[in-house]
Each structure stands twice: as structure tokens, then as C-alpha cells.
Amino acid sequence: MEILSVISNYILFASIFSLIMMILHIIGVWNVFKKAGEPGWKSIIPFYNTYILYKISWNPMWFWLVLLGGLIGAGLLSFATVTVCVILGALIELFTIIVRLVMYYRLCLAFGWGVGKYILTILFAPIMFMVMGFDKSVYVGPITN
């Protein structure tokens, strides 16, 4: 009986922690959107908020490639008995992760942040979105190179 109590306490803690992180993320992204000239309510709509992040940091076309790549990659990975499908699916998923990391980097650049804050954004996204939303940084728009 004791193990069930430990498991239920862990699940309760994990659920509360996840809810807090989700709320912090929404508040942070809401303020990031306001700084970038987008309405804050867009941060509460799943998928659309990610589309807006791509729009304010880079190019929304990359959002569609990541979305399509994620679907295709996951579909290929579901054929676990076919080695070629697993390898292709893993490569496509790796591509989507790399594009997402580039988007975070470009978002940091769009707010005048450097590599240090970019690494922190990768590791602690909800907290760093709060920092980005409430600090004195100014949105300068997508950086083109």
C-alpha cells in the first residue's frame, strides 16, 4: 500500500508542477507577443502560438515544415519493424528539432539577447519567456542574414 501512496504523491506533485510551468509559459509568451506587436491572447491557442513565434522570430513557412515534418517523422517511426522507416523518421524528427532550436535562437536575437540567454531559453523555456516578456529588452524584429 505504501508504494501506491508514493506514486500518487509523485503524480500529484508532477501535475501541479506542470500546471505551474504551463501558466508561467503562457504569461511569458503573452508578454513576448505584446512586445512584438501581436495580441497577447494568441499565446493561449495551441499551434497558433507556435506559428506566431515563428512569425515574429523568423518566417512562418518554417512552422509548416516543422509541423509536416513532425507528422511524417512520427508516422515513419510508427513502422518500428522497418529499419528504413525508423531511420528516415528519426532523421526527419532531428531536422524538426534543429529548426526549432534555430527559431529559439532567432527569437533571442529579435529581442537583442545573446548566446547565453539562448542556452538558458533552451533549458528553461517557461522561465526565460517570463524574463523575455518582462525585462527591458526591445523587440527589433526578425534578424535577416
Side-chain angles (χ1 to χ4, degrees), residues 2-80 85-145:
E2 175 129 348
I3 191 87
L4 291 178
S5 174
V6 170
I7 292 171
S8 68
N9 286 338
Y10 173 76
I11 291 172
L12 178 64
F13 172 77
S15 299
I16 292 171
F17 181 77
S18 297
L19 182 64
I20 291 169
M21 287 295 110
M22 183 179 65
I23 290 169
L24 289 177
H25 183 75
I26 289 172
I27 292 170
V29 173
W30 185 294
N31 287 307
V32 167
F33 283 2
K34 284 176 29 181
K35 275 186 171 183
E38 294 285 339
W41 60 264
K42 292 180 179 183
S43 66
I44 61 175
I45 301 172
F47 295 104
Y48 188 54
N49 59 7
T50 307
Y51 172 82
I52 298 299
L53 281 175
Y54 277 91
K55 179 181 168 188
I56 66 175
S57 65
W58 197 1
N59 184 338
M61 175 212 52
W62 288 101
F63 167 78
W64 297 110
L65 285 174
V66 167
L67 183 64
L68 184 62
L71 294 172
I72 293 171
L76 288 171
L77 285 171
S78 68
F79 294 106
C85 289
V86 171
I87 292 171
L88 280 175
L91 288 174
I92 292 171
E93 291 295 331
L94 180 63
F95 167 77
T96 63
I97 291 169
I98 290 169
V99 171
R100 180 84 177 210
L101 291 173
V102 171
M103 184 271 295
Y104 275 152
Y105 180 68
R106 295 178 77 85
L107 181 67
C108 288
L109 289 178
F111 281 89
W113 284 13
V115 175
K117 286 188 178 178
Y118 163 66
I119 292 170
L120 289 173
T121 302
I122 292 170
L123 297 174
F124 309 107
I127 295 166
M128 292 310 288
F129 275 114
M130 288 284 290
V131 171
M132 188 182 290
F134 287 105
D135 74 351
K136 304 246 187 254
S137 64
V138 176
Y139 177 70
V140 294
I143 306 300
T144 57
N145 8 354

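Every heavy atom of this structure was used, including side-chain atoms; hydrogens, water molecules and symmetry mates were not.
Counting non-hydrogen atoms of neighbouring residues, nucleotides and ligands closer than 6.0 angstrom, the NZ atom of Lys42 exceeds 12 such neighbours. Annotation for Phe111: atom CZ counts as buried by contact number, over 12 foreign heavy atoms lying within 6.0 Å.
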(request) Take Val99 and Leu65 through the side chain to side chain contact (heavy atoms under 4.5 Å, CB included) test and state the conclusion after the steps. (result) CA-CA 9 Å; Val99 171; Leu65 285 174; over 6 Å; no
(request) List the steps and the verdict of side chain to side chain contact (heavy atoms under 4.5 Å, CB included) for Leu67 and Tyr54. (result) CA-CA 12 Å; Leu67 183 64; Tyr54 277 91; over 6 Å; no
(request) Take Trp62 and Val102 through the test side chain to side chain contact (heavy atoms under 4.5 Å, CB included) and record every step on the way to the result. (result) CA-CA 10 Å; Trp62 288 101; Val102 171; over 6 Å; no
(message) With side chain to side chain contact (heavy atoms under 4.5 Å, CB included) as the criterion, how do Tyr118 and Tyr104 come out once you've worked through the C-alpha distance, each side chain's angles and the decisive distance to 0.1 Å?
(response) CA-CA 7 Å; Tyr118 163 66; Tyr104 275 152; 3.9 Å; yes
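Within the model, atoms CD1 of Ile122 and CE of Met128 stand 11.0 Å from one another, a figure rounded to the nearest 0.5 Å. Here the OH atom belonging to Tyr48 is positioned 11.5 Å from the CG atom belonging to Leu53, to the nearest 0.5 angstrom. Note that the CG atom of Asn9 and the CG atom of Leu4 stand 11.0 Å from one another [nearest 0.5 Å]. Atom CG in Asn49 sits 9.5 Å away from atom CZ in Phe47 (nearest 0.5 Å). Put simply, CD1 on Ile92 and OG1 on Thr96 are 9.0 Å apart, with the number rounded to the nearest 0.5 Å. Here the NZ atom belonging to Lys117 is positioned 9.0 Å from the SG atom belonging to Cys108, to the nearest 0.5 angstrom.
Distance alone, capped at 3.5 Å, is enough to place a donor-acceptor pair between the Ser78 side chain and the Gly75 backbone. Of the possible donor and acceptor atoms, none in the side chain of Arg106 sits under 3.5 Å from a partner among the backbone N and O of Pro142.
Between Leu120 and Trp113 there is no side-chain heavy-atom pair separated by less than 4.5 Å. Taking the side chain as every heavy atom from C-beta outward, Leu109 and Tyr105 approach each other to under 4.5 Å. Inter-residue side-chain proximity for Val66 and Thr50 is flagged as unmet; no heavy-atom pair is nearer than 4.5 Å.
Here the shortest heavy-atom pairing between Gly133 and Lys35 reads O-CE, 3.6 Å. Of all the heavy atoms in Glu93 and Leu77, the pair that sits closest is CG-CD1, 3.8 Å. Contact detail for Ser43 and Ile26: the closest heavy-atom pair is OG-O, 3.6 Å. For the residue pair Asn31 and Phe134, the shortest heavy atom distance occurs at ND2-CZ, 2.7 Å. Across all non-hydrogen atoms, the minimal contact from Met132 to Ser137 is O-OG, 3.8 Å.
Ring orientation note: the planes of Tyr51 and Phe63 are nearly perpendicular, at an angle over 60° on the 30°/60° scale. Between Phe129 and His25, the ring-plane angle classifies as perpendicular under the 30° and 60° cut-offs.
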